[in-house]
Amino acid sequence: VYFSLLILVGCNSSEEQVESSLDPIGGVVYGGVFRFMSKEKVQNLFPPATLDVYSSRITSQIFEGLVRIDPLTMDVIPSLAETMTVSEDGKVYTFRIRQNVYFTDDECFEGGKGRLLTAEDFKYSLEFACSKHIMNEFSWLLVGKIQGAQEYFDGNAASVSGIEVIDENTLVITLVE
């Protein structure tokens with residue numbers, strides 16, 4: 001279930017936020033062009049359709065999810081989520097989304113300028129991951145695990161009942177068990 005919460009969204013902090021709050025360490029540069037060399041063919045860069053290790057290696061460098069795995073402790077920790085709380089029964093996960101995180105500038109946004117990331121964006125991504133869409137290779141990770149995901153997958157619901165947006169920055173995911 002934790003792995004399924006690593007749904008990826010291409011975001012970055014606003015330019016002003018990056019310059020004012022992040023001090024690069026070890027020659028890191030924020031923004032710019034991503035260059036990656038691989039003799040293997042990269043199939044695609046759409047996270048729900050990435051099945052090969054080569055494409056996954058690149059998408060993991062481009063997109064960021066609600067949570068991530070701490071490489072030292074192997075614990076699941078917040079990433080684009082500022083906080084994550086789990087109910088006592090382990091069925092309800094509440095995520096507070098970081099503020100001042102923006103999608104990267106792109107022509108798909110009004111005026112080509114990236115917009116603020118919200119809980120609705122994660123709901124959209126998670127529901128896509130619960131769908132039968134031809135580009136979605138990961139529905140098996142969520143369907144039957146998130147409340148209402150099976151009904152959505154089967155076409156018997158307009159949305160996944162277990163994925164709820166409380167406000168612009170709060171997302172609640174309810175599991176079946």
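Side-chain contact annotation: Glu64 with Ser79, donor-acceptor N/O pair under 3.5 Å present.
For the pair Leu141/Lys145, no side-chain contact is recorded, criterion being any heavy-atom separation below 4.5 Å from C-beta on. Side-chain atoms of Val165 and Thr170, non-hydrogen and from C-beta on, never get closer than 4.5 Å to each other. Within the 4.5 Å cutoff, side-chain heavy atoms of Tyr93 are placed close to those of Leu175. With contacts defined as side-chain heavy-atom distances shorter than 4.5 Å, the pair Leu117/Ile97 qualifies. Residues Met84 and Val67 are in side-chain contact: their nearest non-hydrogen atoms beyond the backbone lie under 4.5 Å apart.
Partners of Thr118 according to the side-chain hydrogen bond (donor to acceptor under 3.5 Å, both in side chains) rule, which considers only residues two or more places apart in sequence or in another chain, are Asp121.
Pairs of residues two or more places apart, or lying in two chains, that qualify as side chain to side chain donor-acceptor pair (under 3.5 Å) and include a residue from residues 127-141 are Lys123-Glu127.
Once rounded to the nearest 0.5 Å, the distance linking CG of Leu171 with CD1 of Ile163 reads 7.5 Å. Atoms CG and CG, on Leu51 and Asn44 in that order, are 8.0 Å from each other to the nearest 0.5 Å. The CZ atom of Arg115 sits 12.5 Å away from atom CG of Asp105, with the distance rounded to the nearest 0.5 Å. Separating the OH atom in Tyr54 from the CD atom in Gln43 is a distance of 10.5 Å, to the nearest 0.5 Å. The CZ atom of Phe63 sits 8.5 Å away from atom OG1 of Thr104, with the distance rounded to the nearest 0.5 Å.
Heavy atoms from other residues, nucleotides or ligands lying under 6.0 Å from CD of Glu40 number more than 12. The number of heavy atoms from other shown groups lying within 6.0 Å of CZ (Phe128) is above 12.
Taking the six-membered ring for Trp and the full ring otherwise, the centers of Phe109 and Phe103 sit less than 6.0 Å from each other.
One hydrophobic cluster, built from ILVMFWY side chains closer than 4.5 Å, cannot hold both Phe122 and Val143; they sit in different ones. Tracing side-chain contacts under 4.5 Å through hydrophobic residues (I, L, V, M, F, W, Y), one never reaches Ile77 starting from Ile173; they form parts of separate clusters. Linking Ile, Leu, Val, Met, Phe, Trp and Tyr whenever their side-chain heavy atoms come within less than 4.5 Å puts Val160 and Phe138 in one cluster. Hydrophobic clustering places Val86 together with Met74 (ILVMFWY residues linked when any side-chain heavy atoms are closer than 4.5 Å, directly or through intermediates).
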What side-chain donor-acceptor pairs closer than 3.5 Å can you find for residues 151-159, not counting sequence neighbours?
residue	atom	partner	partner atom	Å
Asp154	OD1	Gln150	NE2	3.1
Asp154	OD2	Gln150	NE2	3.2

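A salt bridge links Asp167 with Arg96: the distance from a Lys NZ or Arg NE/NH1/NH2 to an Asp or Glu carboxylate oxygen falls below 4.0 Å.
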